[in-house]
2 protein chains.
Amino acid sequence: MTAKPEDPLSHLSGYLLRRASSAALAGLNGRLEPLGLRHADVAMLMLIESRAGVTQSEAGRVLDIQRANMVAFVARLESRDLIRRRQVDGRSQALELTAAGRMLLKRARRVVSEHEAALLSKVPERLRPMVLPVLTALWQGG
Amino acid sequence: MTAKPEDPLSHLSGYLLRRASSAALAGLNGRLEPLGLRHADVAMLMLIESRAGVTQSEAGRVLDIQRANMVAFVARLESRDLIRRRQVDGRSQALELTAAGRMLLKRARRVVSEHEAALLSKVPERLRPMVLPVLTALWQGG
DNA sequence: TATTGTTATACTCTATAACTATA
DNA sequence: TATAGTTATAGAGTATAACAATA
């Protein structure tokens with residue numbers, strides 16, 4: 001017996017994915033606003049931290065951001081003195097966090113943790129251990 | 001013992017949600033392309049079908065589309081003769097499917113079903129019954 | 001030849017403010 | 001006074017094509 005939904009979309013996992021994702025994104029962006037960051041900024045900072053010296057193109061591949069769109073993105077973070085570019089060879093730029101970037105990331109990570117906790121708190125306790133496995137499975141190249 | 005991920009983001013449900021959602025959306029839009037539809041079009045057609053006579057504003061509230069953005073959206077579907085507007089009172093417009101809309105929706109629904117099956121097929125069988133409950137729980141107003 | 005960073009550009013989606021006419 | 005539809009507009013986010021410099 002499933003409850004009858006108000007709309008014919010609530011039984012579609014794709015629709016639920018989209019709505020849950022956009023709601024979560026909006027929530028996270030709201031929490032990050034005081035820090036002057038957006039969710040993508042934090043993803044980038046976290047990636048650079050865990051892979052110091054990652055290349056601009058590499059980062060784009062991991063985060064699924066087009067090379068062309070990375071330019072303005074990286075430039076913005078650099079202009080705020082959150083990251084720094086170091087020439088690796090004639091064409092590649094290694095990305096690193098600045099001290100200010102590390103400090104801001106520290107605060108951002110707390111915000112992300114709060115956000116994660118808020119997300120998981122919506123899920124009944126018995127389903128909570130399934131959240132990461134389910135989402136990980138759903139995310140697989142298409 | 002969790003496996004060590006390549007990036008520090010894969011343990012964040014919010015990040016997984018976003019990536020899974022955008023991958024799924026892209027997949028669905030690809031499947032719908034031969035029909036000349038996008039995912040939002042199908043959502044709208046399905047909603048109108050299940051609530052014949054729904055108002056433009058009501059539909060926007062259900063689908064989380066701004067009133068202002070509904071105008072061009074509805075106009076496009078109407079210009080393709082997929083939906084029809086009927087004046088309810090001096091200001092409200094009831095939306096209904098045309099015969100062509102119903103026929104196209106029939107085909108779209110098959111595509112959506114294939115897409116749903118493809119999505120679920122990625123999830124290990126034992127987790128599959130958790131997909132809708134988990135996603136439904138994660139989607140709750142923010 | 002393939003890759004990196006870059007510019008330019010365009011398209012989709014989304015958000016806001018303001019107007020009108022109706023309820 | 002609140003709501004429905006509308007217009008105009010701006011901002012994200014994303015996608016593609018092309019180019020120069022380098023590997």
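By convention in this document, chain letters (A, B, ...) are assigned in the order of the sequence lines, proteins followed by strands, and residues within each chain are numbered from 1. The structure presented is a predicted model; accordingly, all values stated were derived computationally and were not measured.
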If you only use heavy atoms from C-beta on, which nucleotide in [options] is closest to the side chain of [X]?
X: B:Arg61; options: C:dG5, D:dA4, C:dA15; answer: D:dA4
X: B:Asn69; options: C:dG5, D:dA17, C:dT14; answer: C:dT14
X: A:Ala68; options: C:dT16, D:dT16, D:dG5; answer: D:dT16

Round to a whole Å and report the spacing from [atom1] of [X] to [atom2] of [N].
X: A:Leu28; N: D:dG13; atom1: CG; atom2: P; answer: 12 Å
X: A:Leu63; N: D:dA15; atom1: CG; atom2: P; answer: 14 Å
X: A:Arg67; N: C:dA8; atom1: CZ; atom2: P; answer: 17 Å
X: B:Phe73; N: C:dA15; atom1: CZ; atom2: P; answer: 15 Å
X: A:Glu58; N: C:dT3; atom1: CD; atom2: C1'; answer: 12 Å
X: B:Asp64; N: C:dT14; atom1: CG; atom2: P; answer: 8 Å
X: A:Glu78; N: C:dG5; atom1: CD; atom2: P; answer: 12 Å

Tell me, please, which residues at least two apart from [X] pass side-chain hydrogen bond (donor to acceptor under 3.5 Å, both in side chains).
X: B:Arg110; result: none
X: A:Ser13; result: B:Glu116
X: B:Arg31; result: none
X: A:Glu49; result: A:Arg109

Which residues, if any, of residues 14-22 of chain A bring a heavy atom under 4.0 Å of DNA chain C?
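Result for residues 14-22 of chain A: none.
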Which residues in residues 82-93 of chain B have at least one heavy atom lying under 4.0 Å from any atom of DNA chain D?
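Those residues whose heavy atoms fall under 4.0 Å from DNA chain D, taken from residues 82-93 of chain B in numerical order, are B:Arg85, B:Arg91, B:Ser92, B:Gln93.
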Can you check whether [Y]'s main-chain N or O pairs, donor with acceptor, with [X]'s side chain at less than 3.5 Å?
X: B:Gln87; Y: B:Asp89; result: yes
X: A:Thr55; Y: A:Ala94; result: no
X: A:Ser121; Y: A:Ala118; result: yes

Using the test salt bridge (charged side-chain N to carboxylate O under 4.0 Å, His left out), find all partners of [X] that sit at least two apart in sequence or belong to another chain.
X: B:Arg84; result: B:Glu96
X: B:Arg76; result: B:Asp41
X: A:Arg128; result: none
X: A:Arg91; result: none

Can you see if the side chain of B:Gln66 gets near the phosphate of C:dT14 - specifically, an N or O under 4.0 Å from OP1 or OP2?
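Checking C:dT14 against B:Gln66, no side-chain N or O comes under 4.0 Å of OP1 or OP2.
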How would you label the contact of B:Gln56 with the nucleic acid (heavy atoms, under 4.0 Å): base, sugar-phosphate, or nothing?
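Touches sugar-phosphate only.
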Check side chain to side chain contact (heavy atoms under 4.5 Å, CB included) between A:Glu33 and all other residues, then give those that pass, not counting sequence neighbours.
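Checked A:Glu33 against side chain to side chain contact (heavy atoms under 4.5 Å, CB included); zero matches.
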Can you tabulate the close N/O pairs, meaning under 3.5 Å, that link protein atoms to atoms of nucleotides 11-13 of chain C?
residue	atom	partner	partner atom	Å
C:dC13	OP1	B:Arg38	NE	3.0
C:dC13	OP1	B:Arg38	NH2	3.1

